[in-house]
Amino acid sequence: MTQNIQRTASAAHVALNLAVRPAREAEPPMPTLSLPDGPAAPPLRVLAELSSLGREFSEAFESGDPMLVLQAAASRIRTARSQTAQATAQGASATARQELHEQLAALERAIESSKTAGIFDVFVKIGQAIATVAGIVASVAGAAFSGGLSVVGGIACAAALVAGAGSGLMQIMEVAGANIDPGISLAITAALAAISLGAGVAQAGSVAARGAQAAVGAARAAQSAAAIGRGAASITAGAASVLQGAATGIATGFHFDEANHRANATEHSNRRESALDRQTEATDLMRNVLQAYQRITSRISATLSAQNQTTALVVANLARA
Amino acid sequence: MTTTRIASNPSVPAVFGDPIMDAQAAMLDGEYAQQDSAAVARRAAREQRDAAQQEQVRRIRESAVARLASGIVGSAGQMTQGACGMVQGGHQLARNEGAATQWGAASSIARGAADCAVAGINYHASMLDASAQESAHTVQRANDAAEDARAAEDRGRQRTERSLQKIDEARQAHAQLVSLILGNIRA
């Protein structure tokens, strides 16, 4: 009887090892055997450990059949391991689903933030365009008004000179038409022409002076207008820059919100991947446990068959004897 | 572990008296050790992947914060430029050219300083983006390593199954041989 128990305990021990070994990688919690490492555990210790596992072992021990004990051990291990692995797989699957939902929600929030940021990006571009145009207007106004009126003043002065010269020439023509001695007439005409030309020159000088005065006044008015134009353009450009800056700040905030949501989505994706890994490992564990159980039950069946054959042979020999 | 006792404990074969069981235990020990090493490699690859993923997300967040700072500085620069430009315009309207020139210079300096700071922060953000991209590549490599280890585990498991099948066939042949011998003895 003691030998039978020892054989049973050792066989159960081996069965436990064979069943536990392929499935030990995930180390799920289960009603464990506290068998020590090192040399083989004492059979009575093994029996005590097996008895603590449940009612099915007590019944198997009471039957006295070592194969039933093996069967109970294999069944018990398969049940515990499979249940644990199944719970792990289900938990991981639920986690993966939850992470997927949260990932999608984060992506939707990122899309919303991106749309809003796009609207403010348009304001940024509008502000930039206004500031640029106003800056160009300010520059052109400053340059064109002052330079343009100086040229007009010069033209007016030149026109006054030409007009004076023309007047002198007309007087010379009238004098040249009179019937007087050609020599005297020429001398008088030349003198009158010289006087007329001098008056013309003087008139032209006066006109030029007045033109210059007018040009100076016009230039001052133009400078005032240019200053007004530049000032208005600068204020417009400044306001546009303020608008652009505010829009840039708001758009930056929404871009940050979008990036934050994208990072959240990536994090949820990573967690989902880890959960899927746990699910895969649990599935592998269930497969390993099932294969180990099949191996053990197959071995038990082979042992039972051998026992039956031996028993039949012994009975036949006894009958013959 | 307790399984090593199957092969290393000399009392086990004595209890069973079965050399095939002994050989099977030794073979299983070797093959399970290979599977264990593949599982360890796979677990290490996944831990490396998890670490790389965390690093990647951290870099992405840091890059986002850097770009936020860049945007704030740029926005402040633009608004300062605008405010200085408006004051400059006021002085121009008042024909106070000297003050207008000073405010115009202040406007340009504010904008230039802000642009310079924005460029520096954007460079830092670009470095963070590149680091995040590198972490993504590390994640990919770790995933590939984990897949390879898993394939090695599968191959080891299939090899174990084939070995067990052959051992079962050997055991059946052994049983048939014993039965034949017993039959001859009985005859």
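Throughout, a chain's letter reflects where its sequence line sits, starting with A, and its residues are numbered from 1. Note that these values count all heavy atoms, side chains included, but never hydrogens, waters or copies made by symmetry.
- Taking a cutoff of 4.0 Å between a charged side-chain nitrogen and a carboxylate oxygen, Asp284(A) and Arg150(B) qualify as a salt bridge.
- In this structure, the separation between CD1 on Ile60(B) and OG1 on Thr266(A) is 4.5 Å, given to the nearest 0.5 Å.
- With a 4.5 Å cut-off on non-hydrogen atoms, Arg320(A) touches chain B through its side chain but not through its backbone.
- When Ala251(A), Ala259(A), Gly253(A), Ala239(A) are compared by the number of non-hydrogen pairs under 4.5 Å with chain B, Ala239(A) comes out ahead.
- Heavy atoms closer than 4.5 Å to chain A are found in both the backbone and the side chain of Val65(B).
- Separating the OG atom in Ser274(A) from the CD atom in Gln53(B) is a distance of 6.0 Å, to the nearest 0.5 Å.
- Contacts between residues 75-108 of chain B and chain A, defined by a heavy-atom separation under 4.5 Å, are made by Ser75(B), Gln78(B), Met79(B), Gln81(B), Gly82(B), Ala83(B), Gly85(B), Met86(B), Gln88(B), Gly89(B), Gly90(B), Gln92(B), Leu93(B), Arg95(B), Glu97(B).
- Side-chain contact between Arg42(B) and Glu281(A) is present, with at least one heavy-atom pair separated by less than 4.5 Å.
- Rounding to the nearest 0.5 Å places CD of Glu273(A) at 5.0 Å from CG of Asn143(B).
- Rounding to the nearest 0.5 Å places CZ of Phe254(A) at 12.5 Å from CG of Leu68(B).
- To the nearest 0.5 Å, atom OG of residue Ser63(B) and atom CZ of residue Phe256(A) are 10.5 Å apart.
- Per-residue heavy-atom pair counts under 4.5 Å with chain B were compared for Asn260(A), Thr280(A), Val242(A), Asn317(A), and the maximum is reached by Val242(A).
- Taking a cutoff of 4.0 Å between a charged side-chain nitrogen and a carboxylate oxygen, Arg49(B) and Asp277(A) qualify as a salt bridge.
- By the side chain to side chain donor-acceptor pair (under 3.5 Å) test, Asn264(A) is found to be paired with Arg61(B), residues two or more places apart in sequence or in another chain being considered.
- Side-chain contact between Val57(B) and Asn270(A) is present, with at least one heavy-atom pair separated by less than 4.5 Å.
- Residue Ala316(A) touches chain B through its side chain alone, counting heavy-atom pairs closer than 4.5 Å.
- Note: Arg157(B) CZ to Arg287(A) CZ = 4.0 Å, rounded to the nearest 0.5 Å.
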